[in-house]
There are 2 protein chains.
Amino acid sequence: MTQTRTTRLDRGRSALGPALELVHTGQAPTRAVLTAELGVTRATAGAVAAELEALGLITVDAHPTAPVGSQGRPSHRLAIDPAGPVALAAQIHADGYRAALVGLGGRIVATAPGCGIVDADPAQVISEVVEVGAELLRTTGRRCVGAGLAVPSAVAEPEGTALNPLHLAWEAGAPVRDTFRACLAETGVTDQVHGAAVAGFAANDLNVAALAEHRHGAGRGARHLLVVGTGHHGVGGALVLDGRLHTGSSGLALEVGHLTVDPEGRPCHCGSRGCLDVETDPVALFDAAGRTADSGTSLLTQAAELVRTRYADDPGVREAAGRLIDRLGLGLAGLVNILNPDRIVLAGLHRALVEADGERLRGVVADRSLWGRSGSVPVLPSELEHNSLVGAAELAWQPVLDDPIGTLGG
Amino acid sequence: MTQTRTTRLDRGRSALGPALELVHTGQAPTRAVLTAELGVTRATAGAVAAELEALGLITVDAHPTAPVGSQGRPSHRLAIDPAGPVALAAQIHADGYRAALVGLGGRIVATAPGCGIVDADPAQVISEVVEVGAELLRTTGRRCVGAGLAVPSAVAEPEGTALNPLHLAWEAGAPVRDTFRACLAETGVTDQVHGAAVAGFAANDLNVAALAEHRHGAGRGARHLLVVGTGHHGVGGALVLDGRLHTGSSGLALEVGHLTVDPEGRPCHCGSRGCLDVETDPVALFDAAGRTADSGTSLLTQAAELVRTRYADDPGVREAAGRLIDRLGLGLAGLVNILNPDRIVLAGLHRALVEADGERLRGVVADRSLWGRSGSVPVLPSELEHNSLVGAAELAWQPVLDDPIGTLGG
DNA sequence: CTCTCTTTGTGCCGACACTAAACAAAATAC
DNA sequence: GTATTTTGTTTAGTGTCGGCACAAAGAGAG
């Protein structure tokens with residue numbers, strides 16, 4: 001028997017992947033920088049850049065960019081090819097779904113108007129959002145490298161099933177990833193290189209948001225990034241370690257909603273009391289402020305807006321939000337003791353809280369974490385508007401970043 | 001059977017490191033297995049094995065081992081060279097210190113009788129234990145690849161300082177790693193290849209114990225391994241992710257002693273109440289059992305012995321230990337929700353608890369973790385007797401595993 | 001016993017990613 | 001103008017590993 005072809009040790013052997021990652025995260029403006037960052041010779045960096053250009057991923061300026069104050073030959077600028085391939089990103093949330101095309105660097109190239117239907121089974125909703133995305137691909141004529149789906153639920157690995165699809169009319173255990181892939185195949189979103197359907201990935205929305213923030217937002221450069229956020233469906237967490245999402249052994253890590261932050265707090269559906277989830281969500285804010293929400297926009301939006309506009313002036317809001325900040329700080333401190341991240345990024349209502357009074361929040365985290373004083377952890381608001389959508393695209397871009405030639409041709 | 005070495009493998013990027021890791025963890029009995037595990041051709045596996053033999057790390061049997069039931073040409077056995085190089089392992093604990101020489105595969109080659117002096121400053125104790133280790137090297141004449149030190153304190157990275165050296169007459173912030181290195185250089189434990197002092201590493205004892213258990217003990221094969229244990233200095237945790245110790249951004253991760261497991265529990269020195277630390281330590285056991293410890297052996301030893309010998313028969317001990325098991329289970333469940341490990345290994349008194357009633361402990365973990373029912377986490381007792389010592393050696397072996405030729409020369 | 005099949009190990013060559021070093025180019029400094 | 005600095009390219013060379021042919025060492029069939 002002839003020996004089977006093996007590629008296991010070939011992964012990562014080429015400098016192409018790391019180079020593309022640098023371009024992707026905006027850290028490779030020129031070939032000279034690429035040389036330094038990759039630790040290779042100028043010859044290699046030049047060859048790598050040429051290869052990326054040949055793959056249609058980047059453009060190299062014909063004319064050098066005038067340097068400001070340095071001597072030496074000026075560099076030619078490397079830029080992400082604006083006409084390059086894109087990833088199909090889809091997001092399903094409590095209010096409906098969204099689709100977009102996202103290019104390298106997390107740039108949203110095209111978006112479809114959102115839709116508000118959620119009272120349907122997974123197959124129906126996923127089918128619709130894939131159809132919308134496919135339409136985007138057809139009208140723009142873009143080449144597609146893959147597709148990613150963000151869902152408001154923990155996604156089990158490696159099954160790809162949604163375990164707690166709260167606020168969605170889905171049963172637990174819905175095979176979202178396989179459904180997504182089937183829809184991609186049916187809709188004819190095919191890979192121009194390999195002829196088959198493009199690879200489809202599905203993950204929790206906050207997890208992929210963390211990925212997006214790490215690469216293009218407030219988490220850029222962090223080695224161990226912790227992201228915590230309140231969405232429409234409770235508090236969630238995500239962890240990015242050395243550039244990779246840590247989802248645990250079965251995709252269920254960072255279920256931080258039920259950390260106890262007040263032993264005498266509100267009862268939680270998990271059976272305990274004073275969970276981070278029920279103590280720092282929009283309902284807790286309105287209750288603490290003695291207000292009632294309007295029936296118009298979502299509770300989350302109203303709560304964030306309330307904190308943003310009234311924290312400085314309204315003592316009632318200040319006290320209510322302060323209560324949430326203290327509880328959140330306690331939860332974050334517990335996570336700091338366990339995970340020791342070098343940065344924390346907050347999303348959703350938590351983002352509004354840190355923007356309103358980051359000083360207070362950071363103080364609580366420092367006081368209640370064991371090593372807070374030896375170097376307090378930066379706690380920042382998230383930066384990207386559509387981080388879940390961009391993050392869904394990251395899932396699809398990942399194989400390309402790992403092995404550009406293997407996925408795009410050659 | 002010797003093979004002419006025509007080409008030398010490139011340092012760092014070759015299959016040599018992964019191959020040595022397989023040998024080290026006992027997963028490479030033959031070249032054929034090496035071929036399959038590495039995903040390389042037989043030619044490469046053969047060259048790699050020859051290189052490891054040339055480095056003096058392994059031996060290749062001259063005669064093939066008779067296969068039991070399979071056909072085909074029988075394999076020649078690969079074995080760790082019993083006369084190969086060793087790592088110098090040192091451990092400082094509450095009762096004294098220990099030193100040993102540890103070969104590849106975590107095999108303890110030589111040990112020095114322990115010593116009980118701890119009422120000295122770090123420089124003094126470290127100097128003594130290094131002298132004992134150097135004497136071991138002199139008498140055995142073994143080649144030394146590096147040295148590792150395990151201390152009962154969190155070690156800050158990258159400073160290498162001991163942050164909370166409890167039960168030791170050390171001030172916080174003692175530069176244990178640099179002291180260790182200085183002692184190695186002074187004592188003349190030098191690297192035969194490079195002429196300089198051997199590389200010295202220092203880390204928390206439970207962290208390195210986790211490393212040892214992952215590679216040679218109860219954690220073998222786990223992708224995400226959580227280790228929790230009670231020692232003489234409180235409860236600690238450690239996490240091994242994809243074979244690497246996760247110590248967080250500054251070495252302070254997994255400080256799990258102050259998870260709240262009983263809101264109305266005993267007051268803790270951290271200012272809170274009912275921390276995992278004070279609820280599951282030997283003192284808590286004796287108090288719950290209404291017993292007092294003897295003054296002879298250490299509290300930890302007595303507590304573990306009590307659980308081991310009396311849990312089955314003595315209702316008082318059973319109830320007291322059961323109380324600790326429930327509290328421990330609650331703490332572990334919280335960690336499972338955050339880290340989602342695929343295995344948990346318990347050390348110290350916690351090991352005695354899981355050995356006494358693993359069923360009860362696993363039940364609590366499953367009940368109180370959010371996804372317990374979808375697949376409960378295995379909780380196992382630690383297997384290695386001297387896991388901190390073996391783990392300290394792992395620190396020293398790591399550079400060799402990463403780049404055999406670069407560290408051992410060639 | 002011989003013949004065949006299966007599996008393991010080795011020799012040889014080429015593919016390929018990268019380095020090293022020389023050369024060329026484009027700016028600033030003097 | 002020339003010198004210097006920095007960037008990019010060309011060419012030759014090195015080392016790793018895959019592919020393939022072949023050899024070796026057993027089991028099983030006849």
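Everything quoted here is computed from the prediction, not taken from an experiment. Every chain is numbered from 1 and lettered A, B, ... according to where its sequence line falls, protein lines coming before strand lines.
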A.B. asks: Do side-chain atoms of Glu213(A) reach the backbone of Ala218(A) as a donor and acceptor pair under 3.5 angstrom?
C.D. replies: yes
A.B. asks: Taking C-beta and beyond as the side chain, do His76(B) and Arg31(B) meet within less than 4.5 Å on heavy atoms?
C.D. replies: yes
A.B. asks: Could you run down the sub-3.5 Å N/O contacts of the protein with nucleotides 3-5 of chain C?
C.D. replies:
none

A.B. asks: With hydrogens left out and only the distance checked, is there a donor-acceptor pair under 3.5 Å joining Arg73(A)'s side chain and the base of dT6(D)?
C.D. replies: no
A.B. asks: What's the CD-P distance between Glu51(A) and dC18(C), to the nearest Å?
C.D. replies: 11 Å
A.B. asks: Given atom CG of Asp61(B) and atom P of dG9(C), what is their separation to the nearest angstrom?
C.D. replies: 11 Å
A.B. asks: Let me have the donor-acceptor pairs involving side chains of residues 16-27 of chain B, under 3.5 Å, with sequence neighbours excluded, atom names and distances please.
C.D. replies:
unit_1: His24(B); atom_1: ND1; unit_2: Gly105(B); atom_2: N; d: 2.8
unit_1: His24(B); atom_1: NE2; unit_2: His216(B); atom_2: NE2; d: 3.4
unit_1: His24(B); atom_1: NE2; unit_2: Glu394(B); atom_2: OE1; d: 2.8
unit_1: His24(B); atom_1: NE2; unit_2: Glu394(B); atom_2: OE2; d: 3.0
unit_1: Thr25(B); atom_1: OG1; unit_2: Glu21(B); atom_2: O; d: 2.9
unit_1: Thr25(B); atom_1: OG1; unit_2: Leu22(B); atom_2: O; d: 3.4
unit_1: Thr25(B); atom_1: OG1; unit_2: Gln27(B); atom_2: NE2; d: 2.7

A.B. asks: Within the side chain of Arg143(A), is there an N or O that forms a donor-acceptor pair under 3.5 Å with the backbone of Gly84(A)?
C.D. replies: no
A.B. asks: Between P on dT8(C) and CZ on Arg77(B), what's the gap in Å once rounded to a whole number?
C.D. replies: 13 Å
A.B. asks: Could you tell me the separation between the CG atom of Leu16(A) and the P atom of dA17(C), rounded to a whole number of Å?
C.D. replies: 9 Å
A.B. asks: Distance check needed: dC18(C) P versus Ile405(A) CD1, whole Å only.
C.D. replies: 10 Å
A.B. asks: Round to a whole Å and report the spacing from CZ of Arg42(B) to P of dC20(D).
C.D. replies: 13 Å
A.B. asks: Return the residues of residues 21-34 of chain A meeting this criterion: a heavy atom under 4.0 Å from some atom of DNA chain C. Order them by number, or give none.
C.D. replies: none
A.B. asks: If you look at every strand shown and take non-hydrogen atoms under 4.0 Å, does Ser75(A) touch a base, only sugar-phosphate, or nothing?
C.D. replies: sugar-phosphate
A.B. asks: Between His63(B) (NE2) and dT8(C) (P), how many Å, whole number?
C.D. replies: 20 Å
A.B. asks: Measuring only between side-chain heavy atoms, which start at C-beta, is Val189(A) closer than 4.5 Å to Leu137(A)?
C.D. replies: yes
A.B. asks: Would you say Gln398(A) and Leu401(A) make side-chain contact, with heavy atoms under 4.5 Å?
C.D. replies: yes
A.B. asks: Closest-nucleotide mapping onto DNA chain C: is Thr41(A) or Thr35(B) further toward the 5' terminus? I mean the 5' end.
C.D. replies: Thr35(B)
A.B. asks: Please determine whether a side-chain nitrogen or oxygen atom of Ser70(A) lies at a distance below 4.0 Å from atom OP1 or OP2 of dA27(C).
C.D. replies: no
A.B. asks: Within the structure provided, determine whether Ser14(A) and Ile405(A) are in side-chain contact (heavy-atom separation under 4.5 Å).
C.D. replies: no
A.B. asks: Got Leu38(A) and Thr44(A) here, is their nearest side-chain heavy-atom distance under 4.5 Å?
C.D. replies: no
A.B. asks: Is it true that His246(B) and His224(A) have ring centroids separated by less than 6.0 Å?
C.D. replies: yes
